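First the structure, in the form of C-alpha cells, and then the observations on it.
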2 protein chains.
Amino acid sequence: MHDLREEIQIMTRRLGFLNRNCCRTDEHDLSPIQSSILFEIERQHAPSMQQVAETLGTDITTFSRQVQALIKLGLVKKTPNPDDRRIQLLSLTTEGRQTAARIDAEMNAYLKDVFDKLSEEEQETVFRSIQLLNNAMLKSDRCCTPFPG
Amino acid sequence: MHDLREEIQIMTRRLGFLNRNCCRTDEHDLSPIQSSILFEIERQHAPSMQQVAETLGTDITTFSRQVQALIKLGLVKKTPNPDDRRIQLLSLTTEGRQTAARIDAEMNAYLKDVFDKLSEEEQETVFRSIQLLNNAMLKSDRCCTPFPG
DNA sequence: TTATTTATTTGCAGTATGCAAGTATTAGCG
DNA sequence: CGCTAATACTTGCATACTGCAAATAAATAA
C-alpha cells in the first residue's frame with residue numbers, strides 16, 4: 001500500500017479540476033461551492049441553514065452570505081419554518097432546479113468520459129471502491145469530518 | 001452505476017475535510033495549499049515556479065505569492081537556474097523537508113485509520129481503484145485538467 | 001415575566017484570487 | 001551585433017472568500 005497518500009492527493013486534485021469546470025451553464029457562472037450548495041439543498045429535504053452549512057463544513061456566517069448570493073441569482077428560496085420561525089428552510093426555485101439539473105448532467109457527462117477509459121468490470125470495481133472508502137471515512141472519527149473531535 | 005456523482009461528491013468533500021486537519025505541525029500551521037506545494041516541490045526534482053503552479057492548477061501570480069510566504073517561513077528555497085536565469089528552481093530547506101515529512105506521517109496515520117475500517121482485500125481493491133481512476137482521468141482530455149482544451 | 005439558549009445575520013479585518021502591467025532575461029533574426 | 005519578440009516571474013489593484021465577534025430575532029427555561 002505504497003504511495004497511498006500520493007495517489008489520493010492526485011485523485012483529489014484532479015477531481016478538484018473536474019469540479020471547477022462543471023459549474024457553468026449558459027445562464028449562470030457558479031462557483032464549485034455554489035454548485036455544491038444547490039446539490040445539497042436538493043439532496044436533503046427542505047434543510048435548514050445550519051444543516052447544509054454543517055454538511056459542507058463551512059462556517060455558518062460564510063454560508064449565510066453564500067445563500068444570499070444564490071437567492072439574489074434567483075436559484076434558492078428561504079422559507080421560515082412555521083413551527084420555529086428562527087429556522088429558515090432552504091429550497092431551490094424552478095430555475096434553481098433547472099440549473100442544478102444542467103450541472104448534474106454536465107458532471108455526469110464528464111464522469112462518463114472518464115469511466116469510459118475503463119472496462120465494464122473496472123468501472124464496477126471503482127464505483128464500489130468509492131462507496132467502500134466513503135463508508136470507511138464515515139466510520140473513522142479521527143478523520144474526514146469538518147470539525148474533528 | 002447509479003448515483004456515481006453523488007458518491008464522488010461525498011468522497012471529495014470528506015477528503016477535503018481530511019486535508020484541512022492535516023497541515024499543522026507543532027512548528028507551523030500551514031494551509032492545505034501550502035502543504036501541497038511542499039509535497040509537489042519534493043515530488044518533482046528542482047521544479048521551476050511554472051511547473052509547480054501548472055501542476056497545482058493555480059495562477060502563476062497567486063503561486064508566486066504563496067511561494068514567497070513559504071520562503072518567509074523558511075521552508076522553501078528559490079535558486080536561479082544557471083542556464084537560464086529567468087527560471088527559479090524550487091527546493092525545500094532542511095526545515096521544509098522535516099515539515100513535509102511530519103505532515104506526510106500525519107496524513108498517513110489518518111489514512112491508515114480510515115483503511116483499517118476495511119478488510120485487507122478491500123484495502124487492496126480500493127487502492128487499486130484509485131490508481132485506475134487516476135489513470136482514467138489522465139487519459140480523458142475533456143476532464144480533470146486545470147485548463148481544459 | 002425575565003434570563004438563557006438557539007438560528008441566523010451583519011461588521012470587520014485578514015487573506016486569497018487573478019487580470020493587467022511591470023521587470024528581467026533569453027531567443028530569434030535582420 | 002542590435003533590435004524585437006518571447007518567456008519567467010513579480011507587483012498593483014480590485015474583488016471575493018473567510019471566520020471571529022457582536023447583533024438581532026425567536027423559542028425555551030425558570
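Remember, it's a predicted structure, so these values are computed and weren't measured experimentally. Chain letters run A, B, ... following the sequence lines, proteins first and then strands; every chain starts at 1. Computed over heavy atoms, backbone and side chain alike; hydrogens, waters and symmetry mates excluded.
- Side-chain N/O atoms of Thr55(B) and Gln44(B) include a donor and acceptor closer than 3.5 Å.
- Rounded to whole angstrom, the span from the CG atom of Leu89(A) across to the C1' atom of dT8(C) amounts to 13 Å.
- Between Leu90(B) atom CG and dA8(D) atom C1' the separation is 12 Å, expressed in whole Å.
- There is a side-chain donor-acceptor pair under 3.5 Å between His28(B) and Glu95(B).
- Among the atoms of the strands shown, only primed sugar atoms or phosphate atoms (P, OP1, OP2) are found under 4.0 Å from some heavy atom of Ser48(A).
- For Glu42(B) and Arg97(B), the salt-bridge test fails: no basic side-chain N is under 4.0 Å from an acidic carboxylate O.
- The pair Glu106(B)-Arg5(A) does not count as a salt bridge, with every side-chain nitrogen at least 4.0 angstrom from each carboxylate oxygen.
- The separation between Lys78(A) atom NZ and dA7(C) atom P is 15 Å, rounded to whole Å.
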Per-nucleotide protein contact string for nucleotides 17-26 of chain C (B base, S sugar-phosphate only, - none; heavy atom under 4.0 Å): SBBB----BS

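- If you take CD of Gln88(A) and P of dA26(D), they are 10 Å apart, rounded to a whole angstrom.
- Note: CG (Leu30(B)) to C1' (dA16(C)) measures 16 Å, nearest angstrom.
- If you measure from atom CD1 of Ile60(A) to atom C1' of dA22(D), you get 16 Å, rounded to the nearest angstrom.
- Rounded to an integer number of Å, the gap from CD of Glu54(A) to P of dT8(C) is 12 Å.
- Residue Arg128(A) qualifies as open at atom CZ: its count of foreign heavy atoms under 6.0 Å is 12 or below.
- For Gln50(A), the side-chain atoms get nearest to dA7(C) when compared with the rest of dT11(D), dA7(C), dC9(D).
- Using modelled atom types and a 3.5 Å distance limit, the side chains of Glu7(A) and Asn134(B) yield a donor-acceptor pair.
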